[in-house]
Each structure stands twice: as C-alpha cells, then as structure tokens.
Asks: 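One structure is given below, represented as structure tokens, and several questions about it will come after.
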Amino acid sequence: MLRFETAGESHGECLVATLTGLPAGIPISVEAVNRELWRRQQGYGRGGRMKIETDRAEIVSGVRHSHTIGSPVAILIRNKDWQNWTDALPVEDVDGAEDKRKPVTRPRPGHADLAGSLKYDFHDARYILERASARETTARVAAGAMAKALLREFSIEVLSHVIAVGPARLERAATWDELVALSRRDEILLSCVDAETESRMKEVVDQAYRTGDTVGGVFEVVAHGVPVGLGSHIAWDTRLDGRLAQAIVSIQAVKGVEVGFAAEGSATFGSKVQDTIHYNREQRQFTRGANRAGGLEGGITNGQDVLVRGFLKPISTLRRPLESADLATKEPALAAYERSDVAVVPAAGVIGEAMVALVLAQAFLEKFGGDSLRETKRNFEGYVKQVSEY
Ligand SMILES: Cc1cc2nc3c(=O)[nH]c(=O)nc-3n(C[C@H](O)[C@H](O)[C@H](O)COP(=O)(O)O)c2cc1C
C-alpha cells in the first residue's frame with residue numbers, strides 16, 4: 001500500500017511529507033521535485049509570500065544515489081518566513097512568550113478560523129489557520145513528485161491547465177501537446193493554453209485586485225498514458241472516480257469536482273454523452289468515439305486520458321474584509337486580513353496534479369505490486385501482454 005502524510009504549519013519551521021510503499025529503484029531527481037514546488041508557487045494573483053519563499057526539497061530518507069530504496073521517503077521543505085515567527089510560535093513556552101503571539105480573533109468567513117477555534121477550543125484562530133492554510137500543499141506537491149516519478153517509469157504523465165478564472169472561460173478542449181508546452185514554460189501567468197482567454201483571465205484578476213476582492217475558477221488535471229484496469233467497480237471505496245474526487249476536493253478552497261464532462265452530460269441525453277465503442281482489427285484493440293467519460297467507467301480506468309476538474313471558490317481573505325464577530329468580545333468586527341492571494345487557480349492545478357498522481361500511483365501499485373521497480377515492471381508487462389492478446 002502506498003500511503004502518504006504531511007505535517008507542518010504555514011509559519012512553522014518546515015513542512016514535511018512522508019511517503020511509504022514506493023518500490024525500490026525508481027529514479028529520483030531533486031531538481032524535478034523542486035521544479036514542481038516552483039510551479040506550485042507561480043501564477044498571476046499570488047500574494048507577497050510567494051516572492052519571499054523559493055521552496056526547496058530536502059530528501060532526508062528513502063532515496064540514495066538518486067533512486068528510491070524501498071524505505072519510507074521523508075521530504076522536508078523549510079519555511080523561510082519562520083525567522084519572522086520564531087517568537088510568535090515557539091515550541092516551548094518561555095517567559096514573555098505570551099506577549100509575542102500574533103492572535104487572530106476576527107474569523108474570516110469561508111476560512112477554517114471559526115469552526116476550527118470552536119472545535120479545538122482556542123480563543124485565537126492562529127493555530128487553526130496555520131494548519132488550514134494551503135501552505136500545507138507544498139508537502140503534497142513534493143510527495144506527488146515522487147508518485148509522478150513512479151508513473152513516468154510506465155509512461156504515465158499527469159499535467160494540468162486552467163479552464164476558468166471567474167467568468168473568463170476557455171471554450172475549447174486543450175490538446176496533450178499544449179499541456180506539455182504549458183508545463184515547460186518558465187513564466188506562468190494563468191496556465192491557460194489559449195493566449196486570448198488567458199489575457200481575459202488576467203483582466204478578471206486585475207479587477208479583483210482593484211476592488212480588494214478575490215476570484216476563483218476551474219482547473220483540469222489530465223493523466224495521459226493510463227492503462228485500462230486501475231480501480232474497480234466491486235466496492236464503493238475501490239471505485240477510482242470516487243477516490244480521485246475525494247483527493248481533489250481535499251485541496252483547500254476546492255468545492256466541487258467533475259470527472260469527464262459531468263456537468264455538460266447531466267444537461268443532455270445519453271445518446272450524446274456515452275463514448276461509443278469500436279474495434280480496430282489491424283491494431284487489435286478497442287477504440288472509443290470520444291472521451292466524455294474522462295477515462296473512467298465503473299470506477300475503472302478505460303485506457304483513455306483521465307480528466308478531472310476542480311472548482312475553486314474565491315479565496316476567503318479579502319483586502320476589503322467581510323463582516324465577522326470577534327472571538328473574544330463577541331462584538332461585530334471586520335474579518336482579519338493577513339497578506340493573502342487574490343487568485344490561485346494555476347497553483348491549485350499543480351496541487352491537483354500531485355493528488356491525482358498519488359491516487360493513480362496507489363491504484364497502480366495495488367494492481368501491480370512489487371518491492372522493486374523491476375518486479376513492478378515485470379508484473380505490468382505481463383498484464384499489458386494479456387490485454388493485447390484479449
Ligand atoms: C494554492 C492555494 C493558495 C491559497 N491561498 C490562500 C490565501 O492566501 N488566503 C486565503 O484566505 N485562503 C487561501 N487559500 C484557501 C484556504 O486555504 C481555504 O479556503 C481554507 O483553508 C478553508 O478551506 P476550504 O475553503 O476548503 O473550506 C488557498 C488555497 C490554495 C489551493
């Protein structure tokens with residue numbers, strides 16, 4: 001079983017990801033992990049913090065001589081901002097520490113501040129927002145880079161792009177080659193494959209900046225080269241569409257998920273939605289008329305690209321704060337404002353890639369197993385042969 005966990009707080013010492021269950025022998029490049037971390041930090045509409053942090057992964061276990069060794073992989077990413085928070089968030093209480101706290105008592109509507117404070121019995125939302133913050137996803141992206149390294153050995157790639165920022169929307173499908181080109185860019189604006197749409201998206205973000213507001217959007221994650229047969233129809237928790245949906249909605253501010261063309265499909269007739277089945281005798285394989293199902297039928301991958309979309313609400317920290325009530329005095333108060341992002345759709349897409357890669361890697365190892373990459377490859381190749389002889 002491949003499993004992963006993250007630890008760390010937004011302004012704490014560091015973020016940590018651990019990943020257990022990767023076979024030995026997967027080639028790992030720290031630079032490739034750092035590239036993913038960099039991509040997560042980009043995008044037009046990010047707050048000032050991204051300018052002070054350039055995330056770097058320190059792999060402290062599980063990888064030696066550029067290959068996994070089968071033991072748990074632990075990755076550490078230091079928070080450069082920690083130096084400004086050592087007094088406010090000390091591990092051990094010392095004399096005078098109380099005065100150096102940076103309390104947040106005016107909970108932000110839409111953030112975890114109020115629900116978390118009531119649940120954990122804090123009269124200051126600081127510890128809640130420290131962990132609820134999407135800074136945590138830095139660790140997910142690092143773990144996701146490991147999952148991507150496994151999948152790449154089997155020619156499976158996972159990428160993303162932005163479909164909408166507020167009302168500005170891409171009205172056509174993106175090709176795989178466009179996504180590859182997008183992922184190689186050294187400057188990331190809004191990760192849209194169409195330049196004209198991207199400039200309309202930028203105008204929407206500019207409007208949010210001007211008015212002290214925030215804006216959400218939609219990203220799409222595409223997994224290319226996925227074999228038929230990952231996940232299973234046999235039980236509610238083995239259906240891969242459900243597992244992917246959970247992974248995507250677990251991303252901070254993602255409130256909806258779509259597998260394939262779900263929303264469009266729900267508004268029309270079956271004859272227009274299902275992907276027709278054909279057989280190519282020369283290539284001795286089944287083909288499909290389209291990919292509206294997003295590569296999943298019955299919770300099983302069907303060999304087409306896996307398409308999953310995440311719907312992001314607008315960020316809840318507004319420069320023009322919303323009405324709230326003070327946790328201490330219970331009096332009406334404007335919500336707290338701390339340096340914040342205005343739009344994060346491209347970054348959420350990169351996090352979505354990591355989550356999809358992790359879920360696919362889990363399902364892949366459930367099916368093919370193996371303690372070493374050589375063993376996993378042998379199992380995989382046997383299955384591919386079996387399918388080709390069907
Ligand atoms: C990449 C990314 C960056 C984010 N940055 C911020 C931010 O700067 N300020 C903010 O209030 N929320 C931000 N969020 C969203 C909050 O973390 C999220 O709304 C909060 O944890 C409450 O969770 P929920 O919206 O999923 O219910 C960000 C989300 C993502 C995916």
Side-chain angles (χ1 to χ4, degrees), residues 6 8-12 15 36-53 55 77 79 81 104 106-120 125-142 144 160-166 188-191 205 208-209 212-221 245-257 308-322 324 334-356:
T6 73
E9 287 124 28
S10 184
H11 300 100
L15 296 148
E36 296 297 297
L37 295 180
W38 175 83
R39 290 177 67 226
R40 194 205 73 93
Q41 292 191 288
Q42 303 307 302
Y44 190 69
R46 304 306 301 278
R49 178 154 192 189
M50 294 309 128
K51 297 191 180 83
I52 56 171
E53 306 257 14
D55 289 328
I77 304 115
N79 279 328
D81 211 13
V104 175
R106 291 169 287 124
R108 293 160 297 172
H111 220 292
D113 303 351
L114 179 60
S117 297
L118 292 170
K119 177 176 165 66
Y120 286 89
R126 170 59 61 197
Y127 298 146
I128 302 302
L129 65 97
E130 283 294 322
R131 181 62 185 163
S133 159
R135 181 80 188 130
E136 179 264 340
T137 59
T138 309
R140 297 199 210 187
V141 169
S160 67
H161 67 121
V162 170
I163 285 183
V165 174
I188 298 178
L189 188 64
L190 285 153
S191 288
V205 179
Y209 267 123
D213 218 324
T214 58
V215 66
V218 184
F219 62 83
E220 180 175 67
V221 179
Q246 200 272 329
I248 292 291
V249 178
S250 77
I251 299 170
Q252 289 82 340
V254 173
K255 293 292 142 189
V257 65
V308 194
R309 296 167 172 198
F311 292 69
L312 277 165
K313 74 179 185 192
I315 295 303
S316 51
T317 308
L318 272 68
R319 200 157 38 79
R320 202 186 50 195
L322 297 173
S324 182
L334 290 178
Y337 179 77
E338 207 165 86
R339 185 180 48 210
S340 184
D341 298 320
V342 165
V344 299
V345 199
V350 175
I351 301 159
E353 289 175 31
M355 294 309 293
V356 167

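Just follow the structure's listing: the first ligand is 1, and inside any ligand the first atom is 1. Just so you know, these numbers use all the heavy atoms, side chains as well, and skip hydrogens, waters and symmetry mates. Here the structure is a predicted model, which is why all the values come from computation and not from measurement.
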Asks: Does any N or O of ligand 1 fall below 3.5 Å from an N or O anywhere on Arg339, backbone included?
Replies: no
Asks: Hey, mind stepping through Ser250 and Met355 against side-chain contact (heavy atoms from CB on, under 4.5 Å) and telling me if it holds?
Replies: CA-CA 9 Å; Ser250 77; Met355 294 309 293; 3.9 Å; yes
Asks: May I ask you to list the atoms of ligand 1 that are less than 4.0 angstrom from any heavy atom of Gly110?
Replies: 22 (C), 25 (O)
Asks: May I ask you to check if ligand 1 and Ala132 share an N or O to N or O distance below 3.5 Å?
Replies: yes
Asks: Keeping the roles fixed (side chain from Ser324, backbone from Ala335), state whether a donor-acceptor pair exists under 3.5 Å.
Replies: no
Asks: Among protein heavy atoms, which lies nearest atom 9 (N) of ligand 1, and at what distance?
Replies: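 Checking every protein heavy atom, the shortest distance to atom 9 (N) of ligand 1 gives Ser340 OG, 2.8 Å.
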Asks: Hey, are Arg309 and Glu220 close enough for a salt bridge, meaning a charged N less than 4.0 Å from a carboxylate O?
Replies: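 Looking at Glu220 together with Arg309, the answer is yes, because their closest N to O distance falls below 4.0 Å.
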Asks: Just let me know how Ile351 lines up against ligand 1, side chain, backbone, both or neither, with a heavy-atom cut-off below 4.0 Å.
Replies: side chain
Asks: Considering only heavy atoms of Arg108, which atoms of ligand 1 have at least one such atom less than 4.0 Å away?
Replies: 11 (O)
Asks: Which option out of His111, Gln252, Lys255, Glu338 puts a heavy atom nearest to atom 24 (P) of ligand 1?
Replies: Lys255
Asks: Check each of Gly116, Ala343, Ala253, Ser10 against atom 23 (O) of ligand 1 and report the one with the nearest heavy atom.
Replies: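 Selected option, by shortest heavy-atom distance: Ala253.
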Asks: Check this for me: Tyr209, atom OH, are more than 12 non-hydrogen atoms of other residues, nucleotides or ligands nearer than 6.0 Å?
Replies: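 Yes, enclosed.
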Asks: Keeping Glu136 on the side-chain end and Ala132 on the backbone end, is there a donor-acceptor pair under 3.5 Å?
Replies: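 Checked: no pair found.
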Asks: To the nearest 0.5 Å, what is the distance between CZ (Arg135) and CG (Asp55)?
Replies: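 Taking CZ in Arg135 and CG in Asp55, the distance rounds to 4.0 Å.
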Asks: Between Thr317 and ligand 1, which part of the residue brings a heavy atom under 4.0 Å of the ligand: side chain, backbone, both or neither?
Replies: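 Both backbone and side chain.
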Asks: Could you walk me through whether Asp113 and Arg126 pass salt bridge (charged side-chain N to carboxylate O under 4.0 Å, His left out), step by step?
Replies: CA-CA 8 Å; Asp113 303 351; Arg126 170 59 61 197; over 6 Å; no
Asks: Run the salt-bridge test on Arg108 and Glu338 with the 4.0 Å N-O cut-off and return the result as yes or no.
Replies: no
Asks: Got an N/O contact under 3.5 Å between Asp341 and ligand 1?
Replies: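 Yes, there is a polar N/O contact under 3.5 Å.
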Asks: Could you find the nearest protein heavy atom to atom 25 (O) of ligand 1 and give me its residue, atom name and distance?
Replies: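 It is Lys313 NZ, 2.8 Å.
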Asks: Name the closest protein heavy atom to atom 12 (N) of ligand 1, giving the residue it belongs to and the distance to 0.1 Å.
Replies: Ile315 CG2, 3.5 Å
Asks: Relative to the heavy atoms of Ser316, which atoms of ligand 1 are at a distance of less than 4.0 Å?
Replies: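 In order of numbering, the contacting atoms are 11 (O).
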Asks: Are any side-chain N or O atoms of Glu9 and backbone N or O atoms of Glu130, one a donor and one an acceptor, separated by less than 3.5 Å?
Replies: no
Asks: Taking 4.0 angstrom as the limit, do Glu36 and Arg40 come out as a salt bridge?
Replies: no
Asks: Looking only at protein heavy atoms, which one is nearest to atom 29 (C) of ligand 1, and what is the separation?
Replies: Ala134 CB, 3.4 Å
Asks: Flag Ser133 as yes when one of its N or O atoms lies below 3.5 Å from any N or O atom of ligand 1, and as no otherwise.
Replies: no
